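This report concerns only the one structure given below.
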2 protein chains.
Amino acid sequence: MKSTIKDVAKEANVSIATVSFVINDSKPISEETKNRVLKAIKSLNYHPSKSAVNLVSGKTGNIGFILTDDHFLRTEPFYTTIFLGTEFEARSEGYYILLTSIKTNFDENDILPRFILNKSVDGIIIAGKIPHLLIERISAYNLPTVFIDYIPPSNNYPLVLIDNIQGAQSATNHLIELGHTNIAFIGGDIEHPSLSHRLYGYKQALEKANIPIKNNLIITDAKYPDRQHGFNSAKKLFSKNKNVSAVFACNDAMAIGVLQWLNENGFKVPQDISLVGFDDVDADIMLRPPLTTIRVPKIEMGVEALKLIVNTVKSKKSLPKKVLVPVELIIRESTSLFKPK
Amino acid sequence: MKSTIKDVAKEANVSIATVSFVINDSKPISEETKNRVLKAIKSLNYHPSKSAVNLVSGKTGNIGFILTDDHFLRTEPFYTTIFLGTEFEARSEGYYILLTSIKTNFDENDILPRFILNKSVDGIIIAGKIPHLLIERISAYNLPTVFIDYIPPSNNYPLVLIDNIQGAQSATNHLIELGHTNIAFIGGDIEHPSLSHRLYGYKQALEKANIPIKNNLIITDAKYPDRQHGFNSAKKLFSKNKNVSAVFACNDAMAIGVLQWLNENGFKVPQDISLVGFDDVDADIMLRPPLTTIRVPKIEMGVEALKLIVNTVKSKKSLPKKVLVPVELIIRESTSLFKPK
DNA sequence: AAACTATGGTTAAACGTTTAACGAGTTTTT
DNA sequence: AAAAACTCGTTAAACGTTTAACCATAGTTT
């Protein structure tokens, strides 16, 4: 049967307190007894009861992870990969992750994730753009909260952010260095800070290179940055502009849509059009041609977020620390030297 | 501050036992006191401490969900969608899901998911093909276990399975009804019962229609049924066989790979080749042409699995119940009438 | 009227930990 | 040599529930 701390104490001939001290290394215990206890633990295959530990410590040992439905189910595993990083780090920290998704259009009538209502988490991680109403309602529970890849309206949360400006500059510079001057930007959901930062980085790079910014080369009215909208945006862009030679898409999903439109409409990539994405999702290397992109260290982001939340949970003081994760240009085969027609 | 059952008892002027009885409806309490207690609960925003409940009940209120890394991160959100169904049902049942992934090639040296070692789940759900070594090692903990879309070697677990044979027959029949006779099967990871059942269903349909089964039209040596392998298998199939007019791929991921190869090699779908997939993943409608496929009710599968596990957890007796979820042919634009050249 | 039976409630033990308070030896300081 | 300090332990309270055992009171049988 399941063994308890009492069984271990009896087996090792010590009090249960001593066993606890050994387990948590919370009081000096002689080598000898320590070994006796450890041996007993092993022989009985003893594992402390989480419930009991939680009860007395007042903590749950759980961290909640919140994602909107569409982020959870999107074709490109972006946030799910981040989740995996979190889960991974949680293992070494001894936490469990409670993953839940909320409706993308969370409204007044929707209820909060159960783990918040029941107080069964010590802190929460929120990834991606999330309805502000949700943030407001969660804040009433004042649980330690960390945001990943989103900047909430109230700016005193710990954050894990992508260096989007730097990344967008790298992407744009890469195209500039290849000789392109008519470089389009295809974005969507421009209210997401990450995506508007990418636009900003794009503009900055052009400015620095003394290339005029042309508003007709900037398509940002897509509602959601996915393949379908990338496809539509490409259609829009190329039906109006004949001299575009390069496209920087705000993420790989849109880039894939753009690529598909180009393929279907007789444009060769990269011979006719150079294309750069952002994120470096798995699908990229399967594309024809494999996509040049900006790599975002997704696993690391999840790891950082968990470290942050554990820190604030333990220290009790929520210092609004920001972690800016660096990105990296990955050159594949969707970009090449500009060739005048 | 966080209120406890004591606060409620004091507020309602009853003993804590009475409060407990009201909450759990475990003993008759007069309407009057019941209302007083409920009012107190509401006004204090009281929620029972999970840890305390768990401690005394000996249960954790958690269910573990195990997935291999590649299933978790695959481009087509198949098992993740199933997970969502499980999570959804868990909400109404009051359970939390602990999601974890294990290495696809789990071996001797790998450790089991933490929630098993620490006994912090009441039961586990395992989705997809999983190393037998893992199953063996888990079984030592005899936790209630439910498998989704996989048939473990030892056949006394509750199972949630797809009606693969029926689905494969529908797919194949659809092609037969369109006049095709040279119908290829592209599969992979044929050791997965689901996939071998799909092959079986394909053969059955051909037999019933008195169409000879040709082994050179059956490509099943791919190791993993993903886009890349679908692409390679298509190459293999068409380089040897000139008269194939239709392909049934064992899942949508492979179908997408096949489609890509066809597109790149001058075959028009469905004019030259009709193509049917299996699963009905989101990406299907974005394809050119949109893919005809067999719809698998993923959310429902997750729901069923949670119901099963909760049942066996509660009843304590693990009846090896099998749930076979029905599938449905979805006709889109990747299939059309056979036209002789 | 005495003896049951229901109904609606209370008391207190139990679940498995952590940790404050205490104590017995032993060593160090004065 | 007495006092102080350190080391290594123990005892017992506390965490917030559930639930078996018990107890009034009122109603029902004999």
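Throughout, a chain's letter reflects where its sequence line sits, starting with A, and its residues are numbered from 1. Computed over heavy atoms, backbone and side chain alike; hydrogens, waters and symmetry mates excluded. Small disclaimer: the values here were computed from a predicted structure and weren't measured.
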Contact list (N/O, under 3.5 angstrom) for nucleotides 6-11 of chain C vs protein:
| unit_1 | atom_1 | unit_2 | atom_2 | d |
| --- | --- | --- | --- | --- |
| dG9(C) | OP1 | Ser30(B) | OG | 3.2 |
| dG9(C) | OP1 | Thr33(B) | OG1 | 2.7 |
| dG9(C) | OP2 | Ser30(B) | N | 2.8 |
| dG9(C) | OP2 | Ser30(B) | OG | 3.3 |
| dG9(C) | OP2 | Thr33(B) | OG1 | 2.8 |
| dG9(C) | O6 | Lys27(B) | NZ | 2.6 |
| dT10(C) | OP1 | Ser15(B) | N | 3.3 |
| dT10(C) | OP2 | Ser15(B) | N | 2.9 |
| dT10(C) | OP2 | Ser15(B) | OG | 2.7 |
| dT10(C) | OP2 | Thr18(B) | OG1 | 2.3 |

Parallel, tilted or perpendicular, as decided by the 30° and 60° cut-offs, for the rings of Tyr150(B) and His192(B):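 Aromatic pair His192(B)/Tyr150(B) classed perpendicular.
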
Plane angle bin for Tyr79(A) and His71(A) - parallel if under 30°, tilted between 30 and 60°, otherwise perpendicular: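 It falls in the tilted class, 30° to 60°.
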
When the distance from [atom1] of [X] to [atom2] of [N] is rounded to whole Å, what number comes out?
| X | N | atom1 | atom2 | result |
| --- | --- | --- | --- | --- |
| Ile5(B) | dT19(D) | CD1 | C1' | 12 Å |
| Lys10(A) | dT10(D) | NZ | P | 15 Å |
| Lys50(A) | dC15(D) | NZ | C1' | 17 Å |
| Ile23(B) | dT17(D) | CD1 | C1' | 9 Å |
| Lys119(A) | dC15(D) | NZ | C1' | 16 Å |
| His47(A) | dT17(C) | NE2 | P | 12 Å |
| Asp25(A) | dC8(D) | CG | C1' | 14 Å |
| Asn54(B) | dT17(D) | CG | C1' | 10 Å |

Any Thr4(A) side-chain nitrogen or oxygen under 4.0 Å from OP1 or OP2 of dG16(C):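 Answer is no, no contact under 4.0 Å.
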
Salt bridge (Lys or Arg N to Asp or Glu O under 4.0 Å) pairs, two or more places apart, involving residues 8-25 of chain A: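 The answer is none; no pair qualifies.
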
Listed once per pair and sorted, the salt bridge (Lys or Arg N to Asp or Glu O under 4.0 Å) pairs that draw on residues 128-153 of chain A, sequence neighbours left out: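 Applying salt bridge (Lys or Arg N to Asp or Glu O under 4.0 Å) to every pair that reaches into residues 128-153 of chain A, excluding sequence neighbours, yields Lys129(A)-Asp189(A).
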
Which residues share a salt bridge (charged side-chain N to carboxylate O under 4.0 Å, His left out) with Glu76(A), sequence neighbours left out: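 Partners of Glu76(A) under the salt bridge (charged side-chain N to carboxylate O under 4.0 Å, His left out) test: Arg227(A).
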
Inter-end axis angle, the helix from dA1(C)-dT30(D) to dT30(C)-dA1(D), with every axis fitted to five base pairs (rounded, 10 degrees):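 Between the axes fitted at each end of the helix from dA1(C)-dT30(D) to dT30(C)-dA1(D) lies an angle of 50°.
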
Touch class at under 4.0 angstrom, heavy-atom based, for Asn24(A) against every strand present: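 Asn24(A): backbone/sugar contact only, no base atoms under 4.0 Å.
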
With Lys6(A) via side chain to side chain donor-acceptor pair (under 3.5 Å) - residues at least two apart: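 With sequence neighbours excluded, Lys6(A) shows a side chain to side chain donor-acceptor pair (under 3.5 Å) to no residue whatsoever.
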
Residues which pass side chain to side chain donor-acceptor pair (under 3.5 Å) with Asp163(B), listed by chain and number, not counting sequence neighbours: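 Residues passing side chain to side chain donor-acceptor pair (under 3.5 Å) with Asp163(B): none at all.
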
Counterpart residues, side chain to side chain contact (heavy atoms under 4.5 Å, CB included), relative to Pro153(B) (two or more places apart):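 By the side chain to side chain contact (heavy atoms under 4.5 Å, CB included) rule, Pro153(B) matches His132(B), Ile135(B).
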
Phe147(B): partners by ring-ring contact (aromatic ring centres under 6.0 Å, His included), with sequence neighbours left out: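 Partners of Phe147(B) by the ring-ring contact (aromatic ring centres under 6.0 Å, His included) criterion, ordered by chain and then number, come out as Tyr157(B).
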
